[in-house]
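Below, chains carry the letters A, B, ... as their sequence lines are ordered, and counting in each starts from 1.
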Protein chains: 2
Amino acid sequence: MTTQVYSRWDHLTPVERQVLRGVFWSGAASRGALADTLGFSKSRLNAVVSNLVVGGLLQELGPLSSTGGRRAEHLALAPDLGVLACVDLGATSLHVALVAPTMTVLAERREVADVRHGPGRVMQRVKTLLGDLLAEQRLRPEDVLAVGMGVPGPVEVHSGLLVSPPIMPGWEGFSIREDLAGLVDAPVLVDNDVNVLALGELWHARQPAGDFLVVKVGTGIGCGIVSGGRIYRGADGAAGDVGHICVDPLGPRCHCGNVGCVEAMAAGPAVARDARRAAEAGESERLAEVLAETGRLEPPDVARAAREGDAVALAIVQRSGQLVGMMLASLVNFFNPSHIVLTGGIVGMGPLWLASIRQSVYGRSLALSTRHIEIRPSTLGERGGVLGAAALGLLGVLDRGGRP
Amino acid sequence: MTTQVYSRWDHLTPVERQVLRGVFWSGAASRGALADTLGFSKSRLNAVVSNLVVGGLLQELGPLSSTGGRRAEHLALAPDLGVLACVDLGATSLHVALVAPTMTVLAERREVADVRHGPGRVMQRVKTLLGDLLAEQRLRPEDVLAVGMGVPGPVEVHSGLLVSPPIMPGWEGFSIREDLAGLVDAPVLVDNDVNVLALGELWHARQPAGDFLVVKVGTGIGCGIVSGGRIYRGADGAAGDVGHICVDPLGPRCHCGNVGCVEAMAAGPAVARDARRAAEAGESERLAEVLAETGRLEPPDVARAAREGDAVALAIVQRSGQLVGMMLASLVNFFNPSHIVLTGGIVGMGPLWLASIRQSVYGRSLALSTRHIEIRPSTLGERGGVLGAAALGLLGVLDRGGRP
DNA sequence: CGAACTTCGGCCCTCAATGGGCCGAAGTTC
DNA sequence: GAACTTCGGCCCATTGAGGGCCGAAGTTCG
């Protein structure tokens, strides 16, 4: 496995890419199923597949279970193709992983980070961690097939440049692609973190189809949009910036300059702020205790207090859910998604918060169809980011040969 | 031109359909331009085109202007293919037209209608008007290539059935397709009126691409969504139902059961209601005069009073614009459209209303990109509906052979 | 005013790829 | 154990795609 790997991907024909995408999406694919899915004749498909098997891009994993006749051969992306280097950068966290083309996490590192420290310090950690993981897996930089990375701000996907990230001062115009070029000689795909999460959910659904939303509520609030099975980025790549949707014309002023932004009223910092205020004002003994004992009061602490019966904490949790739900109700009426996936640190607040969101959304969704919309936490959990980044990197190579 | 026309369309190959779609979208197309657009070699394209010309589906309209060498032949859809029967049904209006495949309106009728009279009475008028127009143009029912129709409520596009239309009692489950089957033996394509308007705008932009919104403000408020150059309908076909987005948690109760719906506070009836209230309360002499003189007080009347300096009328117009703008601001943050097209009766209120909308949207759009979003009235004017319906019918035939 | 250059459309010919048919292998259901 | 299904591999005729070439029609120079 040398640099030839990269060039091998680079010289794939469009049809070969199409077949590999088919294998990626279908998961456990046989030749027959692929031919049906892609609308190929079995001759054509077989010609392409055998070529890819010989070339080492596809592997046969033995027979699948029978459906009444001879068992089909299980096709999968070859693991010795290389690995996907995946980075999930949050506002306050960094998650780096190596993922096989079969979407298995081979190794990972998670640590606290702060994007406000600027690209220099953060990217240094990214490179160090990636290097450590590669060494741990006895892999060389040439073995990296593609790099996928999610960042907590808008990205000009084509160039991979960050554009005016409000919570990422100092990153404006920074080229992650260029920065990582020294580490690995592979395509670098960068996108907004919610888009990356949405891609992860899309992969998890095992089909490049559907219309749904992935909403991340943490330090800020963002939304990944899947329309027709594809990530929707909007006319300028700024779609999904829902944190500054107004949910209360009489609400408090947000740092963006407007009033009543949902992010300023219901995201993590707002919950923490309200809880601290209640604790300090003596409105809630329970919250005051936690603050005194631990010195901090984070959303999960507030949720715990609410579950344990603290009325003030419960009101704060419900208020947050209600406001997020109001925003989501607008989106549901407009976009009519089949479901909404919730992620981000604040989802750790648990079922009370979720119930408030649901109540708020269902109460404001009038159409029969939208009344049954499913609102659930991500099943991918904390690995959603790196898995999405893996899908981003892999699809970047399969869609366009890594040229974003 | 007999029923063979329909069967001729029905037996087109996918490639032929693709070329015809290319001609439809490009407007004034030459062979070379088409080959480039579609990614065909000139041999391939020429083979298909000559076939279509011989078959009478395409026509050559003489040479285009030169670009430095021999002039290209102007290709267009043949007008003797048949006509598109187009119906634009509003909540209170009916617009029927015959349109040539080249998107020229051949004949039209417009009249007042009320969908609440139920499908029987309304569809009778539709059929009568279509029959009149056909007779006037000396066309037979067999000459109708397809029927396109927009209705003011959600439609299950595949079956052509109306689903739970709030302002269309009695239409639930009514099949327009079946109803019109007796009149013409051609594909019948039915969609929500805003989706039809969006299709009209898409055609007017001369390219099946882009991400934008078409917002209709009249009796209700609806929104047609164009995503990636295609009409986006959502998971259940209910997307764009923005009339019941909440813009004021303390607002008045809407007939839908919630409070603060933008439709209940800013659409035509709300403006009329506020104006009448102000007139009757003696707050505005000007409005009271109009009401006394004409016995009515419609949004355009209010706008006229505002332009003539009436402060109360101005406040009503601005309030409506402000509320619509607040809703649009949410959509802009979420969807990041390149522009927003406004249609519907209330657009007749003019520049004062538009200015309020713009001010409200720009004030709440924080991203640099979304600050420059263009908000403008439809350039298609009152014909937007039937032109969109024509595009719906024609594309229905070109996309899927009329099988919706 | 004419020669050189461009652009366009039609035609032909070669080459490749596509799809269908056929067969043997491997399982399942009686 | 026989009949039926399903799958993969192979072959081969046929189609259809692409490139090249030429003539026609215009434009831009000298």
Side-chain angles (χ1 to χ4, degrees), chain A residues 8 11-78 398 401, chain B residues 11-78 401:
Chain A
R8 207 161 46 177
H11 292 108
L12 286 173
T13 68
V15 175
E16 287 171 330
R17 277 192 235 280
Q18 196 180 349
V19 169
L20 290 173
R21 278 199 299 272
V23 174
F24 172 76
W25 285 116
S26 61
S30 70
R31 285 169 169 81
L34 273 177
D36 285 350
T37 308
L38 301 174
F40 285 19
S41 74
K42 54 175 191 153
S43 312
R44 183 147 110 100
L45 184 103
N46 200 25
V48 180
V49 164
S50 5
N51 208 23
L52 289 170
V53 171
V54 171
L57 297 162
L58 278 180
Q59 59 174 348
E60 299 187 327
L61 291 175
L64 292 166
S65 60
S66 166
T67 57
R70 175 177 170 177
R71 292 178 297 181
E73 197 67 26
H74 184 176
L75 294 171
L77 299 181
L398 293 183
Chain B
H11 291 107
L12 286 174
T13 68
V15 175
E16 287 172 329
R17 277 192 234 280
Q18 196 180 350
V19 169
L20 290 173
R21 278 199 299 272
V23 174
F24 172 75
W25 285 116
S26 60
S30 70
R31 285 169 169 82
L34 273 175
D36 286 349
T37 308
L38 300 173
F40 285 20
S41 74
K42 53 176 191 153
S43 310
R44 183 147 108 99
L45 185 103
N46 200 24
V48 180
V49 164
S50 1
N51 208 21
L52 289 170
V53 170
V54 170
L57 297 161
L58 278 181
Q59 61 173 170
E60 299 187 326
L61 291 176
L64 292 165
S65 59
S66 168
T67 58
R70 173 175 169 177
R71 292 177 298 182
E73 197 67 28
H74 183 176
L75 293 172
L77 300 180

(request) Look at the side chain of E73(A) and the backbone N and O of G62(A), then say whether any donor-acceptor pair between them is shorter than 3.5 Å. (result) yes
(request) Respond yes when some side-chain nitrogen or oxygen of R70(B) is under 4.0 Å from OP1 or OP2 of dA25(D), and no when none is. (result) no
(request) Say whether, by atom type as modelled, one donor and one acceptor occur between the side chain of R17(A) and the main chain of L12(A) under 3.5 angstrom. (result) yes
(message) If you assign each of E73(B) and G69(B) to its closest nucleotide in DNA chain C, which residue comes earlier from the 5' end?
(response) G69(B)
(request) Return the nucleotide paired to dC7(D): Watson-Crick means purine N1 to pyrimidine N3 with N6-O4 or O6-N4, wobble means G-U with N1-O2 and O6-N3, both under 3.5 Å. (result) dG24(C)
(request) Under a 3.5 Å limit for both distances, which nucleotide forms a Watson-Crick or G-U wobble pair with dG19(C), could you say? (result) dC12(D)
(request) Would you please confirm or rule out a distance under 4.0 Å between OP1 or OP2 of dG27(C) and any side-chain N or O of R71(A)? (result) yes
(request) Assess whether one donor atom and one acceptor atom, taken from the side chain of S41(A) and the base of dG20(C), lie less than 3.5 Å apart. (result) no
(message) Regarding S43(A), tell me which of base, sugar-phosphate or nothing describes its non-hydrogen contacts under 4.0 Å with the strands shown.
(response) base
(message) If you compare every side-chain N and O of T67(B) against the phosphate oxygens of dC8(C) (OP1, OP2), does one of them come in below 4.0 Å?
(response) yes
(message) Would the distance check show the side chain of E60(A) and the main-chain N or O of L75(A) forming a donor-acceptor pair, the cut-off being under 3.5 Å?
(response) no
(request) Quick one: label G32(A) by what it contacts on the DNA or RNA (base, sugar-phosphate, nothing), any heavy atom closer than 4.0 Å. (result) sugar-phosphate
(request) Return the minimal non-hydrogen interatomic distance between V23(B) and A76(B), and the atom names on each side. (result) CG1-CA, 3.8 Å
(message) Under 4.0 Å from OP1 or OP2 of dG8(D): is there any side-chain N or O of N46(A) that close?
(response) no
